[in-house]
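Just the heavy atoms: all of them, side chains too, but no hydrogens, waters or symmetry mates, feed the values below. Protein chains get the first letters and strands the later ones, always in sequence-line order, with residue 1 at the start of each.
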There are 2 protein chains.
Amino acid sequence: MLKISKLTDYGTVVLAHMARRPDRLFSAAHLAQELGLPLSTVRKLLKQMTGAGLLYSSRGQRGGYCLTRPPQEISLVEVLEALEGPLGVTDCSLAPKLCGQEATCPIRNNWRGINGVIHGVLQQVSLKQLASDQTMGIGIEQAGGL
Amino acid sequence: MLKISKLTDYGTVVLAHMARRPDRLFSAAHLAQELGLPLSTVRKLLKQMTGAGLLYSSRGQRGGYCLTRPPQEISLVEVLEALEGPLGVTDCSLAPKLCGQEATCPIRNNWRGINGVIHGVLQQVSLKQLASDQTMGIGIEQAGGL
DNA sequence: TTAAAGAGTACTATATTAGTACTATAAGAG
DNA sequence: CTCTTATAGTACTAATATAGTACTCTTTAA
């Protein structure tokens, strides 16, 4: 259904929460409690996002996580790709040799185009926007072609 | 990875092929052979799309399938929804009561907005465009909000 | 030195996806 | 009228992905 996974969804919830206080340091336990998510799950997400470079972590007592960049500079694509790997609507728009039909497939190029558009949409959304109460305005226009 | 399933992908290949000859009647066996896809799989897809109202079917000798509407009037969303059910990037943008966080989730509205945009992109792409050799032109513009 | 916190690893249950096989039914050809 | 071709319906299996959890190790500040 063209869905992101539930874990990724939780990940965006966690990041959006952190984006509201970019100054603060958040521990996994605090986040889990504040957001009502299972601690183990939150831990897993934080670890993964740290590995992807989205978060700084500091250990020890009074340790925790914080964003590596200001929330308006982090796009949703980055977050999704950190948690799910490269974004591809179809196999062929992701990597070669996954489909088998590839060489002869007459619609591959068009799928790649669609993938690019969706990628663009998600790139335009920043973490700051995602965390915002205001409704986001993103429009689409038909540019040309047939 | 925000991906459609491989079966759905095959479905679009099949439909795009049929869209090039909207007059013709295609049997499952022919399509499977022409596209190099497994017959059983093609059969499954055709049945499902017929049930969803995208195809007419006629049985018996010289039977087969054809599109119920001209290819430029069939949007990609319809095809995806016929094969995968309602389109929802997140659980909460799909149906109530799937997430648990729903009531308190601060970013639900924004996800719903993103979902709407992606829905819009796929709605703008017709089967005729998908089947076309020409590169499609779809642009995105930032309209407002923050 | 101890307690709080992240890092690393491994595991299990469930759901989804992909692919296939078999039987029944309909309709045209001869 | 019956044979052949084709769709309709159903059911099943294997592989993969997802979700959630548990446990141990390491770091660091009080």
Open item on the list: On DNA chain C, compare the nucleotides closest to B/S40 and A/G60; which residue's is nearer the 5' end?
Closed with: A/G60
Task: Selected nucleotide, minimal atom distance to B/S57 side chain, candidates D/dG20, D/dT7, C/dA18 - done: D/dT7
Task: Value in whole Å for how far the C1' atom of D/dC25 lies from CZ of A/R59 - done: 8 Å
- [ ] Assign A/G64 to base, sugar-phosphate, or nothing according to its heavy-atom contacts below 4.0 angstrom with the strands shown.
- [x] sugar-phosphate
Open item on the list: Counting only side-chain heavy atoms from C-beta out, which of D/dT21, C/dG19, D/dT18 sits nearest to B/K44?
Closed with: C/dG19
Open item on the list: Rounded to whole Å, how long is the line connecting atom NZ of A/K6 with atom P of C/dT14?
Closed with: 15 Å
Open item on the list: Taking any heavy-atom pair under 4.0 Å as a contact, classify A/Y56: base, sugar-phosphate, or nothing.
Closed with: nothing
TODO: Check for a donor-acceptor pair, side chain of B/D9 on one end and backbone N or O of A/T90 on the other, with a separation under 3.5 Å.
DONE: no
Open item on the list: Can you confirm whether more than 12 heavy atoms, excluding those of A/E34, are under 6.0 Å from its CD atom?
Closed with: yes
Task: Sugar-phosphate, base or nothing in reach of A/R43, heavy atoms under 4.0 Å - done: nothing
- [ ] Pick base, sugar-phosphate or nothing for B/S27, based on heavy-atom distances below 4.0 Å to the nucleic acid.
- [x] sugar-phosphate
TODO: Report yes or no: does B/D91 contribute a side-chain atom to a donor-acceptor pair with the main-chain N or O of A/K6 at less than 3.5 Å?
DONE: no
- [ ] Without swapping roles, check the side chain of A/N110 against the backbone of B/Q129 for a donor-acceptor pair under 3.5 Å.
- [x] yes
Open item on the list: Output the rounded distance in Å from CG (A/L39) to C1' (C/dA5).
Closed with: 11 Å
TODO: Ignoring hydrogens and angles, state whether a donor on the side chain of A/E84 or A/T8 is under 3.5 Å from an acceptor on the partner side chain.
DONE: yes
- [ ] For the side chain of B/T50, starting at C-beta, report the closest nucleotide among D/dA8, D/dG20, C/dA18.
- [x] D/dA8
Task: Length of the line joining B/D91:CG and C/dT16:P, which is rounded to integer Å - done: 10 Å
Open item on the list: Using a heavy-atom cut-off of 4.0 Å across all strands, would you classify B/A29 as base, sugar-phosphate, or nothing?
Closed with: nothing
Task: Value in whole Å for how far the C1' atom of D/dT21 lies from CG of A/L7 - done: 12 Å
Task: Selection from D/dT21, C/dG19, D/dA29 that lies nearest to any side-chain heavy atom of A/Q61 - done: D/dA29
Task: Closest-nucleotide 5' rank along DNA chain D - winner of B/R62 and A/T8 - done: B/R62
Task: Nucleotide nearest A/T41 when distance is taken to its side chain, options D/dG20, D/dT18, C/dG28 - done: D/dG20
- [ ] Grab the NZ-P distance between B/K47 and C/dA24 for me, whole Å please.
- [x] 15 Å
Open item on the list: Counting neighbours of CZ on B/R62 that are heavy atoms of other residues, nucleotides or ligands and sit closer than 6.0 Å, is the number greater than 12?
Closed with: no
- [ ] Quickly work out the B/Y65 OH to C/dA27 P distance and round it to whole Å.
- [x] 14 Å
Open item on the list: Please tell me if A/S58 has a side-chain N or O lying less than 4.0 Å from either OP1 or OP2 of C/dG6.
Closed with: no
Task: Rounded interatomic separation in angstrom, taking CD from B/Q33 and C1' from D/dT5 - done: 15 Å
